[in-house]
Amino acid sequence: MAFTAADVKKLREMTNVGMMDCKKALTESDGDFDKAIELLREKGLAKAAKKADRIAAEGVVCATVCGDCGVGAIIEVNSETDFVAKNADFQKFVSDLAGVVMSENPADVEALKACKLGELTVQEALQEKVLTIGENIQIRRFERFDASTVNVSYTHMGGVIGVLVALQVSDNLKGNEIVKELGKDIGMQAAAMNPAFMDKSQVDEATLAKEKEILLAQALEENKTAAKPKPEQIIHKMVDGRIGKYYEENCLLQQAFVKENKVTVEQHIAAVAKELGGEIKLVKCIRFEKGEGIEKKQDDFAAEVASMAK
């Protein structure tokens with residue numbers, strides 16, 4: 001079956017694939033559009049496999065809350081370059097994935113890939129994005145908060161950092177705009193200060209023991225050069241006092257509130273609850289920063305130029 005340049009253009013508009021790939025697909029399928037699309041999808045699978053070993057450390061974090069049901073979701077999807085991360089189509093794809101997380105409540109990333117996104121599965125849609133965008137794209141992680149809490153999202157720097165906050169509130173405060181503003185402030189705090197823990201009660205024994213060991217070594221070293229060295233039992237008491245400083249720096253609720261540093265986040269939450277005549281408790285706070293913990297590829301520009309000159 002013959003095909004024209006207009007057919008190639010039409011296939012490109014339908015698939016967002018390059019003109020030459022569309023022409024090849026129509027040639028191989030003898031002008032059959034359905035077969036051509038199928039071929040392009042198959043090539044997309046092949047391209048996805050080739051690109052899968054390339055490091056995807058850029059991307060977008062999307063934190064959002066459903067305006068109708070109150071369910072919240074936060075998801076990180078990685079790309080290879082910041083250029084793709086800023087692409088409107090890529091960002092919409094990430095937002096759509098967050099919607100699937102909210103509606104389908106998948107158990108993990110693999111379960112999410114099996115969910116439907118329009119007429120395709122998420123996995124198929126992901127492979128099509130790899131084909132059209134031309135980069136390795138990976139769904140890295142997500143979290144979902146159900147509607148039993150007041151959920152508030154905060155996004156920083158266009159998706160570089162996302163935070164999802166869950167507040168447990170008394171019935172008279174559900175839907176209260178001041179509570180939502182409080183949640184936004186907590187999200188902003190978490191984004192800016194990057195606490196390791198939500199509350200000091202969550203600091204595990206191993207972390208605490210290691211921190212005490214470091215503080216003790218510092219205190220003993222200071223004591224060696226002190227004009228009046230202190231007894232060892234006093235040194236240990238000093239270390240216990242300094243642990244409080246560790247909590248203030250690393251635990252969200254014990255941190256100084258960014259908008260009023262004379263009170264802690266915990267104290268600010270209590271003050272807002274008292275003012276509104278109800279109860280508010282921070283029960284969950286998830287912070288994702290795009291690419292954190294992923295070792296980025298370091299390009300050797302000189303070597304690349306030399307290889308091109310061969």
Side-chain angles (χ1 to χ4, degrees), residues 60-77 86 91-92 94-103 105 141-203 247-290 292:
V60 167
V61 175
C62 176
T64 186
V65 175
C66 176
D68 296 324
C69 68
V71 171
I74 181 169
I75 187 168
E76 178 185 359
V77 180
K86 293 176 179 177
Q91 291 182 352
K92 182 182 183 304
V94 178
S95 178
D96 289 344
L97 291 178
V100 175
V101 170
M102 287 189 290
S103 63
N105 192 18
R141 53 184 172 166
F142 66 84
E143 292 282 345
R144 179 185 185 272
F145 294 172
D146 65 30
S148 63
T149 50
V150 174
N151 301 316
V152 184
S153 63
Y154 175 77
T155 302
H156 184 64
M157 293 176 64
V160 173
I161 299 170
V163 182
L164 192 61
V165 173
L167 298 169
Q168 192 176 77
V169 305
S170 50
D171 289 342
N172 65 316
L173 297 186
K174 288 178 179 176
N176 189 295
E177 289 301 317
I178 296 175
V179 172
K180 292 179 183 177
E181 188 63 31
L182 171 64
K184 191 76 75 177
D185 285 342
I186 294 170
M188 190 186 304
Q189 172 99 20
M193 303 306 292
N194 192 17
F197 304 93
M198 191 182 80
D199 181 65
K200 63 182 182 181
S201 63
Q202 296 175 344
V203 181
Y247 291 145
E248 290 170 12
E249 291 175 352
N250 294 279
C251 302
L252 176 60
L253 285 169
Q254 282 71 48
Q255 287 180 340
F257 181 48
V258 287
K259 285 190 171 181
E260 176 50 75
N261 61 16
K262 292 181 180 179
V263 298
T264 65
V265 172
E266 191 172 34
Q267 290 168 339
H268 177 65
I269 293 170
V272 172
K274 183 178 180 181
E275 183 183 336
L276 296 177
E279 296 177 5
I280 306 172
K281 182 182 179 182
L282 176 65
V283 290
K284 283 185 285 189
C285 181
I286 298 292
R287 178 190 188 275
F288 286 172
E289 184 169 346
K290 62 106 174 169
E292 61 186 343

Trainee: Who pairs with His156 by ring-ring contact (aromatic ring centres under 6.0 Å, His included), at least two apart in sequence or on another chain?
Mentor: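 His156: no ring-ring contact (aromatic ring centres under 6.0 Å, His included) contacts found.
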Trainee: Check each of Asp171, Asn172, Asn176 against Lys174 using the side-chain hydrogen bond (donor to acceptor under 3.5 Å, both in side chains) test, and report the only one that passes.
Mentor: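 Result: among Asp171, Asn172, Asn176, Asp171 is the only option passing the side-chain hydrogen bond (donor to acceptor under 3.5 Å, both in side chains) with Lys174.
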Trainee: Closer than 4.0 angstrom, basic N to acidic O: yes or no for Lys180 and Glu177?
Mentor: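 Here Lys180 pairs with Glu177 in a salt bridge, since their nearest N and O are under 4.0 Å apart.
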Trainee: Does Glu260 use its side chain to pair, donor to acceptor, with the backbone of Phe257 at less than 3.5 Å?
Mentor: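 No, Glu260 side chain to Phe257 backbone: no donor-acceptor pair under 3.5 Å.
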Trainee: Please answer whether the main-chain N or O of Met198 pairs with a side-chain N or O of Gln202 as donor and acceptor at a distance below 3.5 Å.
Mentor: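 Yes, Gln202 side chain to Met198 backbone: donor-acceptor pair under 3.5 Å.
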Trainee: With Gln255, which of Gln189, Glu248, Glu266 fulfils side-chain hydrogen bond (donor to acceptor under 3.5 Å, both in side chains)?
Mentor: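 Passing option: Gln189.
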Trainee: Any heavy-atom pair between the side chains of Ile186 and Leu252 that's under 4.5 Å?
Mentor: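 Result yes, sub-4.5 Å side-chain heavy-atom pair found.
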Trainee: Quick one, Val163 and Cys285 - any side-chain contact, counting heavy atoms below 4.5 Å?
Mentor: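 Yes, at least one pair of side-chain atoms sits under 4.5 Å.
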Trainee: Quick one: does any side-chain atom of Arg287 pair with a main-chain N or O of Ala191 as donor and acceptor, under 3.5 Å?
Mentor: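 Yes: the side chain of Arg287 pairs with the backbone of Ala191.
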Trainee: Find out whether Val60 and Val77 are in side-chain contact, i.e. whether some heavy atom of one side chain is under 4.5 Å from a heavy atom of the other.
Mentor: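 SC-SC contact between Val60 and Val77 ruled out.
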Trainee: Which heavy atom of Leu182 sits nearest to which heavy atom of His268, and what is that distance?
Mentor: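 Closest heavy-atom pair between Leu182 and His268: CD1-CD2, 3.5 Å.
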Trainee: Out of the candidates Val65, Thr155, Val61, only one should pair with Leu164 under the side-chain contact (heavy atoms from CB on, under 4.5 Å) rule; please name it.
Mentor: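 The option that passes is Val65.
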Trainee: Could you please spell out the steps behind the side-chain contact (heavy atoms from CB on, under 4.5 Å) verdict for Phe197 and Gln254?
Mentor: CA-CA 10 Å; Phe197 304 93; Gln254 282 71 48; over 6 Å; no
Trainee: Grab the two heavy atoms, one from Cys69 and one from Ala147, that are nearest each other, plus how far apart they are.
Mentor: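 Minimum heavy-atom separation between Cys69 and Ala147: O-CB, 3.2 Å.
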Trainee: In the structure I gave you, are the side-chain heavy atoms of Val165 and Tyr154 within less than 4.5 Å of one another anywhere?
Mentor: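 Not touching, per the 4.5 Å side-chain cut-off.
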Trainee: Take a 6.0 Å sphere around NZ of Lys284 and say whether it holds more than 12 heavy atoms from other residues, nucleotides or ligands.
Mentor: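 More than 12 within 6.0 Å, yes.
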Trainee: Is the backbone N or O of Val71 less than 3.5 Å from a side-chain atom of Asn151, with the two atoms forming a donor-acceptor pair by type?
Mentor: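 A pair under 3.5 Å: no.
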Trainee: When Val179 is tested against each of Val272, Val152, Ile269, Val150 for side-chain contact (heavy atoms from CB on, under 4.5 Å), which residue passes?
Mentor: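 Single side-chain contact (heavy atoms from CB on, under 4.5 Å) partner of Val179 among Val272, Val152, Ile269, Val150: Val150.
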Trainee: Counting only heavy atoms from other residues, nucleotides and ligands, does the tally under 6.0 Å from CD of Glu279 exceed 12?
Mentor: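 No, because the 6.0 Å sphere around CD of Glu279 holds 12 heavy atoms or fewer from other groups.
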Trainee: Given side chains that start at C-beta, do those of Leu167 and Leu173 come closer than 4.5 Å, heavy atoms only?
Mentor: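 Not in contact.
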Trainee: So which heavy atom on Pro195 is nearest to which on Ala190, and how close?
Mentor: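 Heavy-atom minimum between the residues: CD-O, 3.6 Å.
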Trainee: Checking the side chain of Arg144 only, and the main-chain atoms of Ala73 only, is there a donor and an acceptor separated by less than 3.5 Å?
Mentor: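 Looks like no, no N/O pair under 3.5 Å.
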Trainee: Strictly below 4.0 Å, N to O, side chains only: are Glu76 and Lys290 in salt-bridge contact?
Mentor: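 Answer for the salt bridge query: no.
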Trainee: Taking the side chain as C-beta and beyond, is there a heavy-atom pair between Leu97 and Phe142 under 4.5 Å?
Mentor: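 In short, these two side chains do not touch, never coming nearer than 4.5 Å.
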Trainee: Considering only heavy atoms from C-beta outward, does the side chain of Ser95 approach that of Thr64 to under 4.5 Å?
Mentor: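 SC-SC contact between Ser95 and Thr64 ruled out.
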